[in-house]
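In what follows, a single structure is set out as structure tokens and then discussed.
Throughout, protein chains are lettered first and strands after them, A, B, ... in sequence-line order, and every chain is numbered starting at 1. Note that this is a predicted model, so its numbers are computed, not measured. The analysis underlying the following values was restricted to heavy atoms, covering all of them including side chains, and did not include hydrogens, waters or symmetry mates.
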Amino acid sequence: MPAEAIARIERSLQNRLGVPVALERPGQAEHGDYATNAALRAAPTLRRAPVEIAEELRAAALDMEGVADAQVAPPGFLNLWMSPAWYGEALGEILAAGEDYGAGTASTTERVQVELVSPNPTGPLTVASARNGAYGDSVARLLRFAGHTVARECYFNDAGAQADLFRASVEARGRGEEPPEGGYAGEYVTRLAGETGDPVERMIEEIKETLARFRVPVDDWVRETELDAEAALKALEGHTFEQDGAVWLRTTAFGDDKDRVLVRADGRPTYLAGDAAHTLWKYERGFERLLYVLGADHHGYISRLKALAGAFGHDPESVEVLIYQLVHLTEGGEARQMSKRRGDVVFLDELIDEIGVDAARWYLVRSSHEQPMEIDVDLAREKTDKNPVYYVQYAHARIAGILQKAGSAHRSPEPLGELAPEERDLVKRLAEFPETVAEATERRGPHALPVYAIRLADDFHRFYHDHRVLESEAEAFRLALCEAAKIVIACSLDLIGVEAPERM
RNA sequence: GCGCCUGUAGCUCAGGGGAUAGAGCGUGCGCCUCCGGAGCGCAAGGUCGCAGGUUCGAAUCCUGCCAGGCGCACCA
């Protein structure tokens, strides 16, 4: 979903040709402001020479409002140069939309739930959960921006064997004994042993505080102990069978590669039974699409969760599992193993203490969720002020300074005449935002935002360096340009949960 | 053995069929009477893991291989 100023040109060319036309920004200035390979793509179906088709498009383009020049380049590209009026149109579009620029692109809106983090309440949040939170929350923000109704949920598995083991570990430590086999160690266990109350409850409270601090606004907190497993098992009865004394769910009927046990031979429910109750509760609350944000070590769950949806009579496709690759810690170039049980981890609160929420969130979403992530503990500490997030925030603060100094001076998106190259680049970058966001949303890939924000900041810094804003002939236009840049930078950062400061 | 993810500059990573593959960090050299120098410019640095295939065109799609991460429970 490109900006309207761009989409208008695309539609006109499309009507002329009868096949899809997408404008792209070419890598080199000699190839114009925008270019399209539409003629090359259409050639096979139209059974005509690409250059011939491109010539036809060129003629059409030259007649369009906003197009200053058009040229055909072999083997069939069409290159476009836009007029000052077009730049005014594109800039005006941004200022008119304000902070809604690029929003509401979803064709149909849904009630979406994003389940994220969902940690075992047996210890504080670690940097592993932090990637889940930063990624999942950013996806939630994107979906909301696109127009969906979004709720974030965090689930606590507070009933299982791990919770019991954790409680036993804290009690043992309180008596000065070693933790039980496979139990929990670490400083926080010692700390909890000195406090009163249920350790699991203490952890749940701490996790809630950490997530709030990390700017992940959770709408619903759900605990396994609150769910009605009996009701879920009853609802699944048509899809279960008994074998070897256990109750099985026929998940293979919904695409799983093997059936799964719901109730063990000894009568205790499995983890899947808890998941079933949880899934049922989600649908009962009316969500139409269920997103799960899970680490790569859980990707085996996908077919199970979809099968549960099917067994409850919903479309398995309404379940969407977002898998992110794991975080590996290194220290001094060597791999550092993380184990919550041993207490040998880096906690999210420590990371925030070290580098702050902005740098941490930026760092955790800047690369694709499909990319395994390495965090060098030493480097993360050292490089605090080298994090590109400050580069982007600085651009925002710089603009804020100019606009403040400008006071109520007149602003106008209408350029006086030809734009400088740096002005053109900046407007084009801003006009690219709606499409960038729409694609990031569709692909569930918020990492496109940091990448975009750096380029935008880059374009702004270059513009700023070469052109005076205040008291220049083009002051009104340049103030409008600054205003638009400020809006889009702030929006890009907000979508990944990073603040856009007026001053630094 | 089967499945998912990854392999791009010294390091961390963008790039989802187009023109001469990009950014940050690091390295080298420049730029402050001036709206914020947390900035700007220039340079060096690449067999896009390897080999085939599809295509007018492949880092991108397909197949095979190599390497790394993760998963294949009546654990959670």
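The residue A/His467 sits close to a base: some heavy atom pair falls under 4.0 Å. Across all strands, A/Arg462 comes closer than 4.0 Å only to sugar-phosphate atoms, never to a base (heavy-atom distances). Base contact: A/Tyr301 has a heavy atom under 4.0 Å from a base atom. In this structure, A/Ala43 reaches neither bases nor backbone, as no heavy-atom distance under 4.0 Å exists between it and the strands shown. The residue A/Glu442 sits apart from the nucleic acid: no heavy atom pair falls under 4.0 Å. Across all strands shown, A/Leu470 has heavy atoms under 4.0 Å from base atoms, whether or not it also approaches the sugar-phosphate. A/Asp244 comes within 4.0 angstrom of a base, heavy atoms only. Using a 4.0 Å heavy-atom criterion, one finds that A/Leu262 contacts no nucleic acid atom at all. Contact annotation for A/Val469: base contact, defined as any heavy-atom pair under 4.0 Å involving a base atom. Among the atoms of the strands shown, only primed sugar atoms or phosphate atoms (P, OP1, OP2) are found under 4.0 Å from some heavy atom of A/Tyr391. Nucleic acid contact for A/Ala397: base, since at least one base atom lies under 4.0 Å from a heavy atom of the residue. A/Asp164 comes within 4.0 angstrom of nothing in the nucleic acid, heavy atoms only. No contact: A/Glu475 has no heavy atom under 4.0 Å from any strand.
RNA chain B forms stems at B:1-7 with B:66-72, B:10-13 with B:22-25, B:27-31 with B:39-43, B:49-53 with B:61-65, each a run of 3 or more consecutive Watson-Crick or G-U wobble pairs whose two key distances fall under 3.5 Å.
Following rounding to the nearest Å, A/Asn37 (CG) and B/rG17 (C1') show an atom-to-atom distance of 8 Å. Atom CZ in A/Phe463 sits roughly 10 Å away from atom C1' in B/rC35 (whole-Å rounding). Between the OH atom of A/Tyr184 and the C1' atom of B/rA76 there is a distance of 8 Å, rounded to whole Å. The CG-P distance, from A/Asp466 to B/rC42, rounds to 10 Å in whole Å. The distance from atom CG of A/Asn387 to atom P of B/rG26 is 12 Å, rounded to the nearest whole Å.
Listed candidates were B/rG36, B/rA14, B/rA76. Nearest to the side chain of A/Ser368 is B/rA14. Looking at the side chain of A/Leu40, the nearest of the listed nucleotides B/rG36, B/rG18, B/rA23 is B/rG18. The nucleotide whose nearest atom lies closest to any side-chain atom of A/Arg455 is, among B/rA14, B/rA19, B/rU6, B/rA14.
Residue A/Gln371 has a polar side-chain atom (N or O) positioned under 4.0 Å from OP1 or OP2 of B/rA14. In this structure, A/Tyr464 reaches the B/rG37 phosphate: one of its side-chain N or O atoms is under 4.0 Å from OP1 or OP2. The phosphate of B/rG37 has neither OP1 nor OP2 within less than 4.0 Å of any side-chain N or O from A/Tyr390. At the phosphate of B/rG15, OP1 or OP2 sits under 4.0 Å from a side-chain N or O atom of A/His447. Taking 4.0 angstrom as the limit, A/Arg398 places none of its side-chain polar atoms (N or O) nearer than this to OP1 or OP2 of B/rC35.
Between the side-chain ring of A/Phe77 and the base of B/rA19, a stacking contact exists by the 5.5 Å and 30° definition. A/His31 qualifies as a stacking partner of the B/rA19 base, centre to centre under 5.5 Å and near-parallel within 30°.
Enclosure of atom CD in A/Glu442 is not indicated, since only 12 or fewer non-hydrogen atoms of other residues, nucleotides or ligands lie within 6.0 angstrom. Within 6.0 Å of CZ in A/Arg429 there are more than 12 heavy atoms belonging to other residues, nucleotides or ligands. Within a 6.0 Å radius of CD in A/Gln243, other residues, nucleotides and ligands contribute more than 12 heavy atoms.
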Identify each atom pair where a protein N or O and an N or O of nucleotides 66-70 of chain B are less than 3.5 Å apart, giving names and distance.
{"from": "B/rG69", "atom 1": "O2'", "to": "A/His328", "atom 2": "NE2", "distance (Å)": "3.2"}
{"from": "B/rC70", "atom 1": "O2'", "to": "A/Ala296", "atom 2": "O", "distance (Å)": "3.1"}
{"from": "B/rC70", "atom 1": "O2'", "to": "A/Asp297", "atom 2": "N", "distance (Å)": "3.3"}

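Under the side chain to side chain donor-acceptor pair (under 3.5 Å) criterion, the residue pairs touching residues 21-36 of chain A are A/Arg25-A/Glu432, A/Asp33-A/Tyr87, A/Asp33-A/Lys428, with sequence neighbours excluded.
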*Trace of the ring-ring contact (aromatic ring centres under 6.0 Å, His included) decision for A/His447 with A/Tyr135*: CA-CA 9 Å; A/His447 70 283; A/Tyr135 170 64; 8.9 Å; no

*Passes salt bridge (charged side-chain N to carboxylate O under 4.0 Å, His left out), A/Glu475 versus A/Arg468? Steps please.*
CA-CA 8 Å; A/Glu475 182 184 278; A/Arg468 188 148 178 106; over 6 Å; no

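A/Arg167 and A/Asp198 are joined by a salt bridge, as a carboxylate oxygen and a charged side-chain nitrogen come within less than 4.0 angstrom of each other. Remark: A/Arg223 engages A/Glu201 in a salt bridge, criterion side-chain N to carboxylate O under 4.0 Å. Under 4.0 Å is where a charged nitrogen must lie from a carboxylate oxygen, and between A/Asp494 and A/Arg141 at least one such pair does. Ion pairing between A/Glu115 and A/Lys282 holds under the 4.0 Å rule for side-chain N and carboxylate O.
Taking the nucleotide of RNA chain B with the nearest heavy atom to each of A/Ala448 and A/Ile323, the more 5' of the two is matched to A/Ile323. Heavy-atom nearest nucleotides on RNA chain B were determined for A/Glu502 and for A/Ala265, and the one closer to the 5' end corresponds to A/Glu502.
For the C1' atom pair drawn from B/rU12 and B/rC4, the interatomic distance equals 24 Å after rounding to whole Å. Across B/rU60 and B/rU8, the matching P atoms stand 14 Å from one another, rounded to whole Å. Annotation: B/rC25 and B/rG41 have their P atoms spaced 12 Å apart (nearest Å). Between B/rC48 and B/rA58, the distance separating the two C1' atoms is 11 Å to the nearest Å.
A cation-pi arrangement is present between A/Arg366 and A/Tyr363 under the rule of less than 6.0 angstrom and at most 45 degrees off the ring axis.
Between A/His461 and A/Tyr394, the distance separating the two ring centers is shorter than 6.0 angstrom.
A donor and an acceptor atom sit less than 3.5 Å apart, one in the side chain of A/Gln28 and one in the base of B/rU20.
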